[in-house]
Amino acid sequence: MTQAQDNSSRQATGQHVEEPPRGQTAQKLLDAWYASVQEELDGSDADGQTIGLLGGRSSGAQGPSRRSKLRRIGEMLAIVRRYDIFHGLTPKTLRRMLEELGPTFVKAGQILSMRSEILPPSFTRELERLRTDVEPMDRDTVLSALRAEYDRPIEDIFDAIDDNPLGSASVAQVHKARLVTGELVAVKVQRPHVQETMAQDISIMRSLARYMSRFMGQNQFLDLQSVVDELWQSFREETDFLVEARNLEEFRRNNAGCVYLECPKPHPALCTRHVVVMDYVEGIAIDDTAALTAAGYDCAEIGEKLVDNFATQMLDDGFFHADPHPGNIVVSGGRIVYMDLGIMGRLSSRDRGALSDMIVAVAEKDSARLADGLMRFSISDSAEVDQAHLLSDLDAIVADFGTANLSDLDIGAFVGSLVSMAQKNGIELPGTVTMLARALVTLEGVVDNLMPGASMVDIIKRHLRAHTDPEELASRELRRLAKETLAATHGLLGAAGEAQIAMRMLTRGQLRVNLDVAGTEDPLEDFSRTANRLTMGIIVAGLFIGSSVVYYARIQPVIFGIPVIGFVGYIAAFFLGIWIARDIIRDARRHRR
């Protein structure tokens with residue numbers, strides 16, 4: 001397709017896409033964006049006016065000023081130019097650039113490290129280092145942050161705080177400490193000013209995403225706006241540590257009956273929005289299979305129990321760990337321990353039922369059942385989805401992934417194909433689904449390290465069978481049958497009522513029909529064109545027949561031995577016939593394209 005054809009097709013769909021100036025490079029686009037931001041900010045209100053960090057106007061937690069925002073954009077552009085990103089980035093230089101850009105971009109890199117459908121494996125492996133290889137805060141900064149959180153001296157709370165951090169991430173740092181009561185705890189301290197920095201960076205990224213979308217339209221490889229929104233949601237959850245404290249308590253309640261899994265116990269009285277205090281747990285990292293084996297653990301058993309419990313979180317509790325990477329899980333005292341619960345996902349009972357059906361559909365290679373489960377997840381209007389096209393795409397996915405055994409099923413590739421197919425068919429999935437998809441892909445990597453060749457789908461399917469009583473299953477199927485029967489009965493009654501109304505309107509001459517024919521955009525226009533051709537064909541036939549009658553009647557005057565009236569009729573019929581044939585051939589060529 002030529003550029004002109006591409007532009008006309010976009011205009012036909014109502015999509016306005018600007019064209020960058022001829023010869024404009026990506027670097028020039030960034031410079032043009034910077035100039036547009038300057039222009040926008042110069043036309044805004046006074047320099048001192050700010051917007052509240054978490055929405056609304058606030059005099060406390062404030063957003064960036066015009067001057068600080070422009071300064072930050074200048075810093076970001078300088079770093080991007082130094083790494084020369086438009087001439088190729090290696091995995092290592094990408095990681096270094098993100099580290100230099102600051103905590104927001106480190107967090108973006110962490111999210112991208114879990115998106116194997118976006119980046120090649122070499123990049124995702126390198127970006128995984130952003131989870132642990134972050135420069136730690138010094139002791140004085142940590143102590144100052146703690147003093148700012150409590151209305152009493154920290155010496156009255158902590159008897160000792162270890163100088164060396166247990167872990168350092170883009171948002172927070174964890175230290176081992178001892179309370180004045182003698183209990184060993186882990187103290188998670190948020191980096192100073194990280195909220196303001198990340199809010200400013202995300203505001204800048206939103207501006208850049210809006211600007212770039214003007215040139216990329218719907219043909220962009222990645223939905224930039226949705227990525228920024230996802231980053232913002234993750235940022236809000238991770239920077240409010242009271243949310244994590246509540247997550248720890250809820251997760252412990254849900255798994256109180258599980259003898260092989262737990263999480264640290266929080267100390268709510270000592271938790272604030274920027275500090276979490278929880279029991280200290282020392283264990284073996286779940287990806288250190290050599291140490292686990294040396295300690296007498298069965299790695300295969302750990303992997304199976306990890307997946308089985310995750311199935312419980314997804315399908316029974318509806319409250320699941322959304323970031324189960326190896327740095328968040330240890331094995332201690334014969335138990336699997338989740339260490340960080342900053343990002344959690346929730347599923348309603350309806351979503352859990354749909355998810356169960358989809359897992360069984362994948363295991364049984366049933367594309368129709370998979371489509372039904374996917375549509376139950378959709379938050380968009382299902383009436384606008386082309387069901388035939390959807391089933392055709394799902395058949396292709398099942399054909400690609402269903403030929404292999406469950407042990408060979410690549411969950412990451414399968415989930416990526418499923419999400420891409422949903423987007424292509426206009427099925428809008430809630431953020432929880434994409435969060436769950438990421439969690440499953442991450443967990444697959446952990447399990448593959450513990451028990452190579454095992455199938456997560458097979459383990460989850462066994463969980464469904466083991467935790468579903470036959471009587472309960474029969475009862476559930478009866479309830480579903482009753483609901484479907486009731487819905488069908490209402491549908492039949494409604495159809496009968498609509499038919500009665502239609503017949504009444506038909507007898508009164510008030511009935512109008514909206515016709516939609518598969519394979520055509522405007523059926524009335526097609527019918528009109530067909531009728532015109534039929535009419536012209538009748539006229540051509542009439543001219544030939546009439547001219548022939550005049551010819552045999554020998555009506556004077558004549559030309560070339562043919563009466564003049566007949567000659568004109570033949571000429572008109574000939575040219576009209578050529579026009580009809582040409583129109584038919586042109587339409588056939590257009591449809592073949």
### Task
List in chain and number order the residues that pass side-chain hydrogen bond (donor to acceptor under 3.5 Å, both in side chains) with T293, two or more places apart in sequence or in another chain; answer none if no residue qualifies.
none
### Message
On a heavy-atom basis, which atom in P324 and which in A439 lie closest, and how many Å separate them?
### Response
CG-O, 3.7 Å
### Message
Using modelled atom types and a 3.5 Å cut-off, is there a donor and acceptor pairing between side-chain atoms of N449 and backbone atoms of D287?
### Response
yes
#### Entry: Pairwise distance OG1(T272) to CG(D240) - rounded to 0.5 angstrom
9.5 Å
## Note on the structure
Scanning both residues in full, the closest heavy-atom pair of L292 with I286 reads CD1-O, 3.7 Å
#### Entry: side-chain contact (heavy atoms from CB on, under 4.5 Å) between D279 and L184, intermediate numbers included
CA-CA 6 Å; D279 286 345; L184 288 179; over 6 Å; no
### Any side-chain heavy-atom pair of V276 and M278 under 4.5 Å
yes
### Message
Per the side chain to side chain donor-acceptor pair (under 3.5 Å) rule, what does the pair list look like for residues 296-307, sequence neighbours excluded?
### Response
E301-K305, E304-R462
### Task
For residues E282 and S332, report the shortest heavy-atom separation together with the two atoms involved.
O-OG, 2.9 Å
### Message
Check R72 with E75, please: is the shortest side-chain N to carboxylate O separation under 4.0 Å?
### Response
yes
### Task
Could you pull out all residues at least two apart from N309 that satisfy side-chain hydrogen bond (donor to acceptor under 3.5 Å, both in side chains)?
N255, Q313
### Check: L436 and F320 side chains under 4.5 Å, non-hydrogen atoms
yes
### Message
side-chain contact (heavy atoms from CB on, under 4.5 Å) for L341 and M344? Distances and angles first, verdict last.
### Response
CA-CA 6 Å; L341 276 72; M344 302 295 289; 3.9 Å; yes
## Note on the structure
Across all chains, not counting sequence neighbours, the side-chain hydrogen bond (donor to acceptor under 3.5 Å, both in side chains) partners of T93 are T90
### Partners passing side chain to side chain contact (heavy atoms under 4.5 Å, CB included) against V174 (at least two apart in sequence or in another chain)
L166, A186, K188
### Pairwise side-chain contact, E196 with Q200, heavy-atom cut-off 4.5 Å (strictly under)
no
### Task
Can you sort out the partners of E262 under side chain to side chain contact (heavy atoms under 4.5 Å, CB included), two or more places apart, ordered by chain and number?
R252, R335, V337
### Message
Consider side-chain contact (heavy atoms from CB on, under 4.5 Å). Of D308, V331, I302, which one does Y260 pass it with?
### Response
D308
### Task
Please name all residues satisfying side chain to side chain contact (heavy atoms under 4.5 Å, CB included) with D138, sequence neighbours left out, ordered by chain then number.
D140, T141
### Message
I'd like to check E244 versus D340 (side-chain heavy atoms, cut-off strictly below 4.5 Å). Are they in contact?
### Response
yes
### Message
If I take atom CZ from residue F105 and atom CE from residue M76, how far apart are they, to the nearest 0.5 angstrom?
### Response
3.5 Å
### Closest heavy-atom pair and its distance - G109, L98
CA-CD1, 3.7 Å
### Message
Using every non-hydrogen atom in the two residues, find where S168 and Q173 come nearest and quote the distance to one decimal.
### Response
OG-OE1, 3.2 Å
### Query
How many angstroms lie between NZ in K265 and CD in E249, if you round to the nearest 0.5 Å?
9.5 Å
### Task
Please round to the nearest 0.5 Å and tell me the distance separating atom CG of D323 and atom CD1 of I329.
9.0 Å
### Spacing of R178 atom CZ and K176 atom NZ [to the nearest 0.5 Å]
9.0 Å
### Message
Is the shortest side-chain heavy-atom distance between N328 and H321 below 4.5 Å?
### Response
yes
### Any side-chain heavy-atom pair of M456 and L440 under 4.5 Å
yes
### Task
Just do the side-chain contact (heavy atoms from CB on, under 4.5 Å) check on M339 and V281 with the steps written out, would you?
CA-CA 8 Å; M339 302 297 292; V281 178; 4.1 Å; yes
### Task
Measure from the side-chain N and O atoms of D317 to the backbone N and O of F319, and report whether any donor-acceptor pair falls under 3.5 Å.
no
### Query
What distance do H325 atom NE2 and I343 atom CD1 have between them, rounded to the nearest 0.5 Å?
8.0 Å
## Note on the structure
By side-chain hydrogen bond (donor to acceptor under 3.5 Å, both in side chains), N164 pairs with (sequence neighbours left out) none
### H175: ring-ring contact (aromatic ring centres under 6.0 Å, His included) partners, not counting sequence neighbours
none
#### Entry: All ring-ring contact (aromatic ring centres under 6.0 Å, His included) counterparts of F251, not counting sequence neighbours
Y338
#### Entry: Contacts of type salt bridge (charged side-chain N to carboxylate O under 4.0 Å, His left out), residue E250, not counting sequence neighbours
R346
### Task
May I ask you to test the M198-V171 pair for a side-chain heavy-atom distance under 4.5 Å?
yes
## Note on the structure
F310 meets the ring-ring contact (aromatic ring centres under 6.0 Å, His included) criterion, sequence neighbours left out, with none
### Query
Going by atom types alone, do T239 and R191 pair a side-chain donor with an acceptor below 3.5 Å?
no
### Message
Between the side chains of E99 and R95, is the shortest nitrogen-to-carboxylate-oxygen separation below 4.0 Å, so that they form an ion pair?
### Response
yes
### Task
Decide side-chain contact (heavy atoms from CB on, under 4.5 Å) for L94 and E126; before the verdict, give the C-alpha distance in whole Å, the side-chain angles of both, and the deciding distance to 0.1 Å.
CA-CA 9 Å; L94 174 61; E126 183 66 28; over 6 Å; no
### Non-hydrogen atoms of G345 and A322 that approach each other most closely
N-CB, 4.2 Å
### Query
Is there side-chain contact between P192 and M137, with heavy atoms separated by less than 4.5 Å?
yes
